[in-house]
Every structure is written in C-alpha cells, then in structure tokens.
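A short write-up of the structure that comes next.
It should be emphasised that the depicted structure is a prediction, and the values quoted were computed from it without experimental measurement. We use all heavy atoms of the structure for the numbers below, so side chains are in, but hydrogens, waters and symmetry mates are not.
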Amino acid sequence: MSFPIPDNEAERLAELHALDILNSPPSAVLDGVCVLARKMFNLPSACIGLVDRDRQWFKANSGFGQVEGTSRAHSFSAWTLMDNEMLVVPDARDDPRFRDNIYVVGDPHIRFYIGSPIALRPGLNIGSLCLFGPEPRELAPDEREIVLHLTQIIVDQFRLHEATRRTKRELEHRRTSQSLLEMQSRELWRRQTLLAQTERLAKVGGWELDVATRRLSWSDGVYRIYGLPPTSEPTEELALAHFPLEARRHFRRKFVHALRTGEAFEIELPFVNAQGQHRLIRQSCELEIEDGVPARAFGIMQDVTERKQAEQRMWHMANHDALTDLPNRGLMRDKLDIALRRARRSGGYVGVLLVDLDQFKDVNDTLGHDAGDALLIEVARRLMASVSELDTVARLGGDEFIVLLSRMENADDGMIVAQRILAALSLPFEYRRTSLSCRGSIGVTVAPDHGTDPSTLLKNADIALYRAKSAGRGIAVAYDPRMQKATENRVQLAARVRLGLKNGEFQPFYQPKVSLSTGAIVGFEALLRWRHPRRGVLGPQDFSAIFEDPHLSVEMGERLLQLTTRDMAQWTALGCDYGHVAINVSSPEFAHGELPERVLTALDLAGLGTERLTIEVTETVFLGRGTEMVRQSLQILNQAGIRIALDDFGTGFASLSHLKQFPVDRIKIDRSFVHDIEHDIDDAAIVRAVINLGQSLGIETVAEGVETFSQASYLRANGCDYAQGFLYSKALPASRVPALLKGWSPELASYGAPGPLDALM
Ligand code: C2E
Ligand code: CA
Ligand code: CA
C-alpha cells in the first residue's frame with residue numbers, strides 16, 4: 001500500500017523533528033481534547049496523529065484501542081496532510097482512497113472520518129486531529145467550526161511545547177554566552193525574534209532566578225504578561241505583587257517546597273496585570289541543582305485566560321442544548337447523581353419530572369420549524385420559572401424535558417410542582433400574533449421511594465409518562481410500582497407476539513361489507529386474528545397494545561399486507577368477485593413515510609389494481625405526531641386510486657376539519673351508535689347527522705356492528721350506503737370467503753329473517 005507525499009515533505013519532517021515531540025509523555029490537556037471531541041460528536045474514537053516518515057504516532061488517543069500509532073500507509077492522516085483543508089469522509093466504503101484500508105475492512109470498521117490538519121506554520125502540516133466512527137454520516141457546518149476550535153487548542157498546546165523548549169534553551173544560552181559580540185550575532189538575533197514571536201502568539205514568557213543572589217530575569221514575554229515596560233528591573237516582590245494574596249501564598253508555598261526537594265511544579269493562578277486586568281496564569285518551575293543544592297530556578301509563565309474561556313465555552317457547548325441553552329441529557333445525569341448522593345447523606349427527597357409536549361409535532365408540521373423552535377424556547381422559560389434556582393431543567397431532545405427537584409422536603413412536592421408546570425404550560429402561547437396551545441404530559445418519580453439510582457428513576461418516570469399520555473394527555477401521573485407490572489406485561493406480550501409472527505400464527509379474517517340498497521357484498525374488511533397454539537383464535541382485544549408499539553405494529557402491518565394481498569390474488573385466481581378489501585392501519589405505520597411505497601409494491605407484486613384496496617384509519621392518526629407525514633402518505637395513496645375510510649367515526653375527537661384536510665372517501669359510523677339506534681334518540685340523531693354530512697360532502701357512509709334486521713332497515717331508510725355486522729357475517733378465514741360469496745343471496749340479506757347466514761358458518 002502506498003501513501004501520498006506532500007511537496008514540502010522534507011521541510012515538514014524537519015518541523016516535526018525540531019518540535020521534539022514524538023514519543024513524548026502524554027499530555028493531560030491533549031488527552032482531554034480527544035475525550036471532549038468524542039463526546040461532542042458522539043463518536044467512539046478521537047486521536048491526535050503526528051505523521052513521521054513511515055509511521056503515524058499518536059500524541060493522544062481516546063477510544064482507538066491501546067495502539068501507539070499506525071503505519072503511514074494505513075493512516076488516514078497521510079491524506080489529511082496533503083491539503084490545508086479539513087478532510088471529511090462521509091463513508092469510507094465509498095471512497096477509493098480508503099475502501100480497502102485495514103481499519104475500514106477490519107476493526108474498528110471506520111465509515112465516517114474527519115481529519116483536521118495540524119500546522120504551527122502555514123502549510124507545514126505535521127499531523128492531524130482524527131475523529132471517526134463506524135456509521136456513515138455528514139458533517140454539519142457548525143460541527144466543522146467545533147473541529148476547528150479543537151484543532152486550535154491543539155496547535156496552542158504544541159506552540160506552548162515549542163516555546164517551553166526554546167525558552168529553556170535561550171536561558172541556558174544567555175547564561176553561557178558572556179560575550180556581547182556573540183549576543184549580537186545574527187544567528188542569535190534571528191532566534192530571539194522567533195522566540196519573541198512565539199511568545200507573543202502563545203502569550204508565554206520565561207523567567208529565571210539565581211537562587212544565591214536572588215537575581216531575577218524576565219524575557220520580553222513576561223514583561224508583556226505583566227504589562228510592564230521591558231526597562232524595569234524585576235524583583236521577587238514585584239513578581240509576586242501581581243498575584244492576589246491567596247494565590248501569592250500558594251505560589252510561595254510551592255516554590256519553597258521545590259527549593260527544598262528539587263521537584264518541578266506547575267500551577268494555575270489568578271493574576272492582575274499592571275493595567276488592572278484579571279487574567280489566569282499557568283506557572284511552571286524547574287530547578288537546576290549544582291553540587292546538591294538548587295542553583296537556579298527557571299520557569300514558563302503563560303497567560304491561559306482565553307484558552308480557559310474557550311475550553312469553558314467548549315464544555316458548555318458539549319453539555320448544553322444549543323436551542324434552549326438548557327443542560328442536556330449528560331449534564332442532567334451528572335446533576336441527578338450529585339443530588340441523589342446528597343439526599344443519601346442528608347435525607348430528603350429528589351424528584352424527577354419527565355415532561356413531554358403533547359402537540360409539539362403539530363406546531364412544527366403546520367407552522368414550521370421556526371414556530372417549533374420558538375415554542376421550545378418558551379417552554380424552557382416557563383419550566384425554569386416554575387422551579388427554584390436549586391432545581392435543574394434540562395432538555396433531553398425533541399419535545400422532551402426533564403425537571404430535577406434536587407431538594408424536596410416531602411415526597412408529594414413532586415406532584416405539586418408538576419401541577420404548577422402543567423398550569424404554566426396550558427397558558428396560550430403567542431407566535432406571530434397567532435395564539436397556540438401546547439399542553440404537556442408529565443411522569444413523576446421520587447427518590448428514594450421509586451428508586452435510588454438515575455437509571456431506575458428515569459425508567460420509572462418514563463413509565464409514569466406513558467401512563468399520563470395514554471390516560472388522555474395534559475396530566476401528570478406519579479409512578480406507582482404496579483405500573484411496572486403493566487409494563488412487564490406489555491414487554492412479555494410483545495415478545496410473545498414477535499414469536500407468533502415468526503411462527504406464522506397471525507392471519508387476517510374477512511368480514512363482508514354489504515350494500516344496504518341491493519343487499520350485495522361489495523367488499524370485505526380484513527381483521528387480524530391470532531391462532532394462538534394454546535388459547536385458540538384471539539381477536540385484537542387480546543393484543544391491541546402492540547398497535548402502539550412502533551416496531552411491532554409496522555412489522556405486523558407489513559405481514560398483514562402480504563397475507564391480505566396474497567388472499568386477494570388467490571380469490572381472483574378462483575374467479576371470485578370479492579369487490580375490495582379494507583385494511584386497518586395504525587399510527588406508527590405512518591411514521592417513516594414508507595407506507596405508500598409498501599402498499600403499492602404489495603399490490604403490484606400480487607398483480608392487483610389499486611381500486612381493490614381501502615385503507616382504514618381512525619382519527620387518532622390525524623392527531624398524534626407527524627400529522628403532515630400522515631396527510632402526505634394518504635394523499636399519495638389516494639391519488640394512486642386507493643380509498644381512505646375514516647374508522648370509528650364519532651368516538652374520538654371527531655372534527656369536521658379532518659374531513660377537509662385529509663382525503664377521506666368513506667366514513668365508518670362506530671358500532672356504539674348503531675347498537676342503540678332504535679332506542680337512544682341522541683345516537684339516532686348523531687347517525688342521521690353523519691349520514692347527511694356524508695351525503696353533502698360526497699362521502700360514502702358505512703355502519704359498523706349491525707346485528708339486527710331492524711337496525712339495518714333504519715339505516716337503509718335514513719340513506720346509509722353500506723353496513724357491516726354479525727347480522728351478515730362474522731369475520732371468516734380466507735378459505736371460507738369463496739363459499740360465502742357463492743351462497744350469498746342479496747334478497748335474503750336485504751329483506752330476510754335475522755341471521756340469514758348462520759347456515760353458512
Ligand atoms: P374496527 O376496525 O372497528 O373493526 C370492527 C370490529 O368490530 C372487529 O373487531 C369486528 O369483529 C367487530 N364487529 C364486526 N361486526 C360486529 C357486530 O355486529 N357486533 C359487534 N359487537 N362487533 C362487531 P375486532 O376484529 O376485534 O377488531 C377490533 C379492532 O382492532 C378493530 O376495530 C381495529 O381497530 C383493530 N384491528 C383489527 N385488525 C387490525 C389490523 O389488522 N391492523 C390494525 N392496525 N388494527 C386492527
Ligand atoms: Ca376498521
Ligand atoms: Ca371501527
């Protein structure tokens with residue numbers, strides 16, 4: 001394997017070797033930069049690689065095993081060197097330069113890679129900051145900026161290393177060279193200017209103290225840091241006077257200790273320069289021992305104020321959410337940890353409130369991301385205003401927030417604060433002169449009652465939140481250990497259903513849909529059944545929880561679609577005219593916008609026209625998350641010729657606006673209205689209103705749950721188009737559909753005695 005060589009390779013290597021950094025001991029700051037970089041980019045590995053003639057040596061390495069380096073031929077850095085721009089590889093498998101690289105083909109299976117060249121002087125790239133991970137991805141513009149910041153810190157550190165070495169050499173030189181002539185030699189002048197430049201850049205200076213005579217000398221850099229003219233004679237008193245009292249004492253203690261033991265030290269101290277500006281200084285000190293006693297002390301002084309600020313900014317960025325500036329998940333966990341430890345020591349309770357906004361997605365989808373952002377910022381403000389300064393509000397991402405009540409006196413305080421938050425959230429929210437509402441649901445857990453470690457508390461808060469949302473949203477629910485049982489049941493059911501899916505235990509059954517005017521079967525509804533090996537044939541009431549599970553419901557929907565289209569193709573082959581088949585689709589199936597593609601492909605594979613299929617949805621799919629996605633998916637399906645039926649009409653949040661907003665061809669009147677249609681005047685009025693509404697909008701109406709002949713007559717008399725129900729037939733396995741169709745008598749279905757089909761079942 002070969003690697004590219006830059007034009008200035010010789011100069012570049014000279015620069016690297018002059019720096020004398022290869023094989024140097026680890027640096028806490030540079031290791032820290034790598035850890036920080038990994039954390040900020042959520043990547044498994046970050047390294048600082050220096051590229052020597054044939055190898056790459058890691059000055060710092062976080063996450064890339066125990067390796068000291070790699071061969072140059074296998075290093076990505078060899079390529080980063082070639083350009084002064086950052087190297088970004090979204091997917092190494094697609095890049096001919098790296099496709100066959102051993103670190104791509106084998107461990108750590110690099111896909112995404114960022115290399116940022118490191119140069120102390122323009123164009124002389126000595127190595128690179130490398131960040132990589134096993135998932136392909138892109139680099140966002142603001143991320144690029146962070147990489148540049150991190151690279152700058154590394155360069156600063158290298159400069160400091162360089163300046164330290166030069167200053168040391170310089171001071172030695174001054175000591176040995178007595179002759180003025182020599183002092184003025186061109187060579188020295190050149191080196192001094194270089195030193196001065198570096199000093200200025202890195203804000204460092206060197207000093208030296210003759211221990212016996214107490215004579216102190218400063219380089220220009222030190223004068224600059226003190227803000228004093230280079231003419232003044234430095235003294236120990238003057239040098240120390242610029243440190244605040246406490247720092248001065250600390251420095252002196254360290255120094256005395258060093259004189260006694262000969263040990264070098266390095267400390268950071270607050271400092272006030274001659275202009276009265278407060279700065280942060282890093283002081284290092286080493287001793288030169290002659291005949292067993294310290295003869296000279298010399299050290300490096302660096303103004304690290306800006307770097308410290310930059311590091312703090314970095315830390316802040318890594319630990320806070322960019323939009324709301326609230327602490328993020330990582331920082332929240334740290335704070336929770338601290339609060340729990342405190343509570344263990346000194347008693348009291350810690351509350352964890354998990355807050356989820358109910359209609360955030362709607363705001364985002366209908367009014368755009370700016371509105372969504374404004375809403376999140378306002379919510380953050382209201383949450384902060386609802387708690388005390390000791391408490392923490394954090395954003396976990398999306399529309400989820402967490403409130404930590406770190407010092408509660410009573411276990412009930414959690415619910416009290418939760419109610420206060422709900423009240424604050426329920427106030428209308430103004431955006432560009434429209435008033436929006438965005439309520440929240442809250443799950444509450446309290447330590448130590450519901451758990452004593454962060455993971456348990458967060459998990460239980462999630463369980464309580466789930467309860468709050470399924471109980472109608474807009475409320476707060478406190479965790480109760482019994483909920484755990486319900487969750488376990490859900491988890492067990494999901495596992496059993498998964499197994500059932502694998503074993504082919506799920507099947508659609510078909511219930512006919514009858515025209516009320518002719519009595520003919522116009523189509524079927526596919527209803528899911530589980531042939532449970534022990535419990536027999538089960539209906540959805542025994543496993544309906546899975547329709548809310550994002551993964552399982554999609555898997556189930558896919559399977560049902562396959563089986564239904566297969567059955568339809570088979571009936572066609574048998575020459576059966578079954579009309580159309582309606583399938584029920586649950587909310588999570590719309591989540592990724594893949595539904596239309598999936599449905600159309602399934603029809604295509606089975607050789608079926610789109611007019612053969614109807615999709616039934618309940619109004620809840622219009623209300624939850626991703627409304628815009630649902631609308632688009634239904635639009636695509638509808639334009640392709642698939643009918644859309646609105647299921648369980650009248651039971652939920654029926655809103656006429658949905659009929660306009662979404663392409664609805666059919667309304668299904670819920671069976672709870674049909675049941676009492678002859679006795680309950682309200683139900684009868686609702687049913688008549690729905691039928692009229694359908695007629696005026698050109699939407700067909702289907703009555704569900706028709707069990708008696710008189711219900712059918714009433715519906716027919718009031719203009720309802722179709723009916724489904726036990727009066728005609730229960731849902732049957734696919735194999736019985738051809739016989740049902742063959743033996744069907746429209747007259748009997750319209751006018752005959754109740755249960756005309758019992759004979760068939
Ligand atoms: P749905 O879509 O409203 O389905 C109609 C339900 O009413 C079916 O219950 C059906 O067996 C029942 N039914 C039909 N005629 C009568 C009648 O005359 N009287 C009475 N009392 N009930 C009648 P099932 O099969 O238990 O389904 C319940 C719900 O489960 C369905 O309500 C639907 O929301 C959901 N579901 C069923 N299959 C699927 C599926 O494949 N996917 C999804 N996502 N949901 C499904
Ligand atoms: Ca249905
Ligand atoms: Ca229904």
Side-chain angles (χ1 to χ4, degrees), residues 24-32 156-157 159-176 195 198-199 202-308 311:
S24 58
S27 141
V29 175
L30 294 174
D31 288 343
D156 272 359
Q157 283 296 316
R159 285 225 167 91
L160 179 61
H161 177 89
E162 185 181 43
T164 311
R165 296 189 47 74
R166 286 227 170 98
T167 311
K168 252 190 215 171
R169 249 184 279 147
E170 190 56 35
L171 287 167
E172 271 163 29
H173 192 84
R174 265 197 219 166
R175 272 204 305 277
T176 49
L195 170 66
T198 320
E199 278 192 345
K203 293 197 178 169
V204 304
W207 54 266
E208 184 191 355
L209 180 77
D210 186 309
V211 176
T213 65
R214 291 284 169 174
R215 253 187 61 120
L216 181 65
S217 58
W218 283 354
S219 77
D220 289 353
V222 176
Y223 281 105
R224 232 182 339 264
I225 292 173
Y226 273 83
L228 292 169
T231 45
S232 50
E233 182 78 11
T235 62
E236 270 183 85
E237 288 67 40
L238 176 68
L240 288 171
H242 285 259
F243 292 95
L245 191 62
E246 197 43 50
R248 197 182 309 162
R249 286 199 182 127
H250 185 48
F251 189 11
R252 214 198 287 272
R253 264 199 307 275
K254 282 280 199 190
F255 190 65
V256 169
H257 180 79
L259 282 180
R260 221 181 37 240
T261 59
E263 277 170 24
F265 68 89
E266 189 173 310
I267 44 174
E268 268 178 22
L269 296 168
F271 178 83
V272 186
N273 68 12
Q275 285 69 43
Q277 292 166 325
H278 289 254
R279 315 291 297 176
L280 190 70
I281 295 297
R282 182 176 298 159
Q283 270 284 8
S284 72
C285 172
E286 281 180 49
L287 291 150
E288 201 174 84
I289 312 288
E290 268 170 21
D291 305 327
V293 285
R296 266 173 299 276
F298 55 92
I300 301 290
M301 183 172 189
Q302 187 185 21
D303 183 337
V304 291
T305 317
E306 276 83 18
R307 165 127 49 78
K308 259 276 152 8
E311 277 169 16

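- With salt bridges taken as basic N to acidic carboxylate O contacts below 4.0 Å, one links Glu246 and Arg249.
- Taking SG of Cys285 as the start and CZ of Phe255 as the end, the distance is 5.0 Å to the nearest 0.5 Å.
- Put simply, the side chain of His257 reaches to within 4.5 Å of the side chain of Glu263, judged on heavy atoms.
- One finds no salt bridge joining Arg215 and Glu208 here, because no Lys/Arg side-chain nitrogen approaches an Asp/Glu carboxylate oxygen to under 4.0 Å.
- Once rounded to the nearest 0.5 Å, the distance linking CG of Leu209 with CG of Leu287 reads 9.5 Å.
- Using a distance-only test at 3.5 Å, with no hydrogens or angles considered, no donor-acceptor pair links the side chain of Thr305 to the main chain of Arg279.
- Thr235 has its side chain out of reach of Leu216: every pair of non-hydrogen atoms, C-beta onward, lies at least 4.5 Å apart.
- A donor-acceptor pair under 3.5 Å is formed between the side chain of Asn273 and the backbone N or O of Gln277.
- Annotation: side chain of Thr213 is in contact with side chain of Asp210 (closest heavy-atom distance under 4.5 Å).
- Judged by distance alone, the side chain of Arg248 and the main-chain N or O of Leu240 form a donor-acceptor pair under 3.5 Å.
- The closest donor-acceptor contact from the side chain of Tyr226 to the backbone of Ala239 lies under 3.5 Å.
- In this structure, the side chains of Glu268 and Lys308 come closer than 4.5 Å at one or more pairs of heavy atoms.
- Between Val211 and Glu288 there is no side-chain heavy-atom pair separated by less than 4.5 Å.
- With contacts defined as side-chain heavy-atom distances shorter than 4.5 Å, the pair Arg252/Phe243 does not qualify.
- If you look at His278 and Phe271, their ring centroids are not closer than 6.0 Å.
- The backbone N or O of Gly227 sits less than 3.5 Å from a side-chain atom of Gln275, completing a donor-acceptor pair.
- Looking only at side-chain heavy atoms (C-beta outward), Leu228 and Leu238 come within less than 4.5 Å of each other.
- The closest donor-acceptor contact from the side chain of Tyr223 to the backbone of Ser232 lies under 3.5 Å.
- Between Ile267 and His250 there is a side-chain heavy-atom pair separated by less than 4.5 Å.
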